Protein chains: 2
Amino acid sequence: MVVHRIIIKAFYDLYMNQNKLMPKSIIRTYSRYSREASLLLGELIRVARKERKLTAQEVADRAGISRGLLQRIEKGDLKCEIGAVFEVAVIVGVKLFDADETTLTRHIRQTEDKLSLLPKSVRRKSKVVHDDF
Amino acid sequence: MVVHRIIIKAFYDLYMNQNKLMPKSIIRTYSRYSREASLLLGELIRVARKERKLTAQEVADRAGISRGLLQRIEKGDLKCEIGAVFEVAVIVGVKLFDADETTLTRHIRQTEDKLSLLPKSVRRKSKVVHDDF
DNA sequence: CAATAATGATCCATATAAAGATCATAATAT
DNA sequence: ATATTATGATCTTTATATGGATCATTATTG
């Protein structure tokens, strides 16, 4: 029943468009530092991939992502899942935090210890110091 | 015209569901290394935020993200935009690559130099070595 | 202890990232 | 030089991450 699908699709589009009038899109802005950190990570990945003589498709397959996403990652696109980026880094051998597995685990424990000493919640000074003058 | 919206919504749901029968969802799996790297980063962010006495809401606002997303970031959720994570890290003062802005820029240049020396594309050995026996 | 604020968790709607397909171009091996 | 393959770029569809609201719980201050 092709006609059904077409009609339903028309209503679907209608529904989608009625709210599309004001996209309310989220235009996110990034600091220079973030952009450069991401760019560097992407380039390190690309260098590592080539040094290991792996094609983009091979790495993408191993990481379980599309080649297109890998391209964006290597370009330092900030709108990528951090999980995908990290996974690719691992595959091509780029170390995160400059640490191996064991070191990573140790750092986690240290950080958790530190965290346990800090207050569970941050309390804003409820009242201004009552500036008497 | 509330009725219109309801009807249209019904068709919308119908349309969405006809394809939902086989979600074909992408269940991504992550390596232990990726999971721990992300967890560490999240915890470092949380520690830094508390040390600076910033509430979750304040940091979220400054980063232009929701408090919910910040929560996920601090928990090391791998399904977050890397841009959001990096931005938060910058705000609370967690250094990426253990480098300041200048160092970052220098590393980028070094990496690009390295990249320029590598072949533009990786070529798989087109033919197996013709295993004659 | 009481009051209040921060955090954690969950839900829904929607904006958007990702997959997949396709095309053009560039780069490598023979 | 030529054939072949990798890469880059763009488009559409679909899956999903995010924002925003709400509620319960926990912490902190006074």
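Below, chain A is the first sequence line, B the second, and so on; all start at residue 1. Given the structure is predicted, the values throughout are model-derived calculations rather than measurements.
Less than 4.0 Å separates DNA chain C from at least one heavy atom of each of the following residues of residues 68-75 of chain B: B:Gln71, B:Lys75. Looking at residues 32-45 of chain B, you'll see that no heavy atom sits under 4.0 Å from any atom of DNA chain C. Less than 4.0 Å separates DNA chain D from at least one heavy atom of each of the following residues of residues 53-65 of chain B: B:Gly64, B:Ile65.
Side-chain contact between A:Leu54 and B:Val122 is absent, with no heavy-atom pair separated by less than 4.5 Å.
Of the two residues contacting DNA chain D, namely B:Val122 and A:Glu81, the nearest-nucleotide position lying further toward the 5' end is that of B:Val122. Comparing A:Lys120 and A:Ala84 by the nucleotide of DNA chain C that holds the closest heavy atom to each, the one mapping nearer the 5' end is A:Lys120. Residue whose closest nucleotide on DNA chain D sits further toward the 5' end, between A:Pro119 and A:Arg67: A:Arg67.
Comparing the local axis fitted to the first five base pairs of the helix from C:dC1-D:dG30 to C:dT30-D:dA1 with the one fitted to its last five gives a bend of 80°, rounded to 10°.
Neither OP1 nor OP2 of C:dA17 sits under 4.0 Å from any side-chain N or O of B:Arg28. Regarding contacts with the backbone of C:dA6, every side-chain N or O of B:Arg46 stays at 4.0 angstrom or more from both OP1 and OP2.
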Could I get a table of every N or O pair under 3.5 Å where one atom is in the protein and the other is in nucleotides 1-3 of chain D?
none

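Counting non-hydrogen atoms under 4.0 angstrom, B:Ser66 reaches a base of the nucleic acid.
The line from CD of B:Gln110 to CD1 of B:Ile108 is 10.5 Å long, rounded to the nearest 0.5 Å. Rounded to the nearest 0.5 Å, atoms CZ (A:Arg52) and CD1 (A:Ile91) are 11.0 Å apart. One finds the CG atom of B:Leu96 at 7.5 Å from the CG atom of B:Leu104 (value rounded to the nearest 0.5 Å). Distance CG/A:Leu69 to CD1/A:Ile73: 4.0 Å, rounded to 0.5 Å. Distance check: A:Gln57 CD to A:Leu70 CG gives 9.0 Å after rounding to the nearest 0.5 Å.
B:Ile82 has its CD1 atom 15 Å from the P atom of D:dA17, to the nearest Å. As rounded to whole Å, 14 Å separates atom C1' of C:dA5 from atom NZ of B:Lys50. A:Glu87 places its CD atom 14 Å from the P atom of C:dA18, with the value rounded to the nearest Å. Residue A:Ile27 contributes atom CD1, which lies 15 Å from atom C1' of D:dT18 at whole-angstrom precision.
Partners of B:Glu74 by salt bridge (Lys or Arg N to Asp or Glu O under 4.0 Å), not counting sequence neighbours, listed by chain and number: B:Arg46, B:Arg49. Every side chain to side chain donor-acceptor pair (under 3.5 Å) that A:Glu81 has, sequence neighbours left out, goes to B:Arg28, B:Tyr30. Partners of B:Glu112 under the salt bridge (Lys or Arg N to Asp or Glu O under 4.0 Å) rule, at least two apart in sequence or in another chain, do not exist in this structure. Residues that satisfy the side chain to side chain contact (heavy atoms under 4.5 Å, CB included) test with B:Asp100, not counting sequence neighbours, are B:Lys95, B:Thr102, B:Thr103.
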Under 3.5 Å donor-acceptor pairs involving side-chain atoms of residues 83-90 of chain B, not counting sequence neighbours:
from    : atom 1 : to      : atom 2 : distance (Å)
B:Glu87 : OE1    : A:Ser31 : N      : 3.1
B:Glu87 : OE1    : A:Ser31 : OG     : 3.4
B:Glu87 : OE1    : A:Ser34 : OG     : 2.7
B:Glu87 : OE2    : A:Ser31 : N      : 3.1
B:Glu87 : OE2    : A:Ser31 : OG     : 3.4

Could you tabulate the donor-acceptor pairs under 3.5 Å formed by side-chain atoms of residues 36-44 of chain A, not counting sequence neighbours?
from    : atom 1 : to       : atom 2 : distance (Å)
A:Glu36 : OE1    : B:Thr105 : OG1    : 2.8
A:Ser38 : OG     : A:Gly76  : O      : 2.9

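Hydrophobic clustering, defined by side-chain heavy atoms of Ile, Leu, Val, Met, Phe, Trp and Tyr closer than 4.5 Å, groups B:Val47 together with A:Leu115, A:Leu118.
Environment of CG in A:Asp98: sparse, with no more than 12 heavy atoms of neighbouring residues, nucleotides or ligands closer than 6.0 Å. Other residues, nucleotides and ligands place no more than 12 heavy atoms under 6.0 Å from the NZ atom of A:Lys53.
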Step by step, work out the side chain to side chain contact (heavy atoms under 4.5 Å, CB included) result for A:Arg32 and A:Arg35.
-> CA-CA 5 Å; A:Arg32 178 184 163 126; A:Arg35 291 198 310 270; 3.8 Å; yes
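For A:Lys79, the side-chain atoms get nearest to C:dA17 when compared with the rest of C:dT7, C:dA17, D:dT18.
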